[in-house]
Every structure is written in structure tokens, then in C-alpha cells.
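Structure first, then comments.
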Amino acid sequence: AGRTPAEIAPALARGLAGPHATPDVVATLEASIARLHAPSYLEVLAASVRYEPRLGLAGFAKPVLALYGDADRLCPPPVQEELRRLLPAA
């Protein structure tokens with residue numbers, strides 16, 4: 001607690017990058033995280049903890065492009081399966 005985005009960037013980038021991410025990709029992700037506006041980042045984190053993704057998705061009628069993969073830590077495979085079930089046209 002109390003650390004800046006620049007301070008958490010190296011560990012967070014390594015944790016978010018997939019196992020096949022190149023050093024250049026990890027470095028780009030780290031630089032992006034380091035530039036985050038801390039108060040906004042904290043607000044997004046707080047909102048994501050409270051967010052219930054299933055609410056309202058069954059009736060969603062717009063095209064959706066869902067991007068994720070086997071090593072995705074933000075949307076792991078079980079969540080991906082649920083999204084596929086809730087958004088069959090995605």
C-alpha cells in the first residue's frame with residue numbers, strides 16, 4: 001500500500017504478461033503501468049472488485065469482440081467460458 005505505479009510496474013508487468021511475452025513486450029507493459037495516474041488506477045481497481053459481469057449480459061444485443069487467452073490472469077479460462085455462454089454471438 002502507498003506505492004506508486006512506477007514502483008509496482010515491474011512486478012505487475014511480469015505478473016500480467018503471458019509466459020511467452022518477449023522482454024520487449026514486458027518492458028512496454030511496465031512503462032505503460034509506470035505512467036498510470038494513481039488515483040484513477042485505484043478507482044478502476046475498486047470498481048473492478050465490485051463489478052458483477054453477469055448482470056445484464058444475457059440480453060446484450062450488440063456485437064462484442066472478446067480478447068483473451070489461455071494465460072490471461074484478468075479473464076482466466078473459467079471466466080472466458082462463462083462469457084462465451086452469456087454472449088454466444090461474441
Side-chain (Arg14) to main-chain (Val26) donor-acceptor, under 3.5 angstrom: no
Distance-minimising heavy-atom pair for Leu83 and Cys75: CD1-SG, 3.8 Å
Closest heavy-atom pair and its distance - Ala9, Ala34: CB-N, 3.8 Å
Rounded distance [0.5 Å steps], OG1 in Thr28 versus CD1 in Ile33: 11.0 Å
Distance, nearest 0.5 Å, that separates CG of Asp70 from CD of Gln80: 7.0 Å
Euclidean distance, Tyr41 OH relative to Thr4 OG1, rounded to 0.5 Å: 11.5 Å
Taking every non-hydrogen atom, the tightest pair across Pro10 and Ala6: CD-O, 3.6 Å
Heavy-atom check, side chain of Pro39 versus side chain of His37, under 4.5 Å: yes
Separation between CD of Glu81 and CG of Leu86, rounded to the nearest 0.5 Å: 11.5 Å
Separation between CG of Leu12 and CZ of Arg3, rounded to the nearest 0.5 Å: 9.5 Å
Single-linkage hydrophobic cluster, 4.5 Å side-chain cutoff, Val79 and Leu87 together: yes
Between CG on residue Leu74 and OH on residue Tyr68, distance to nearest 0.5 Å: 13.5 Å
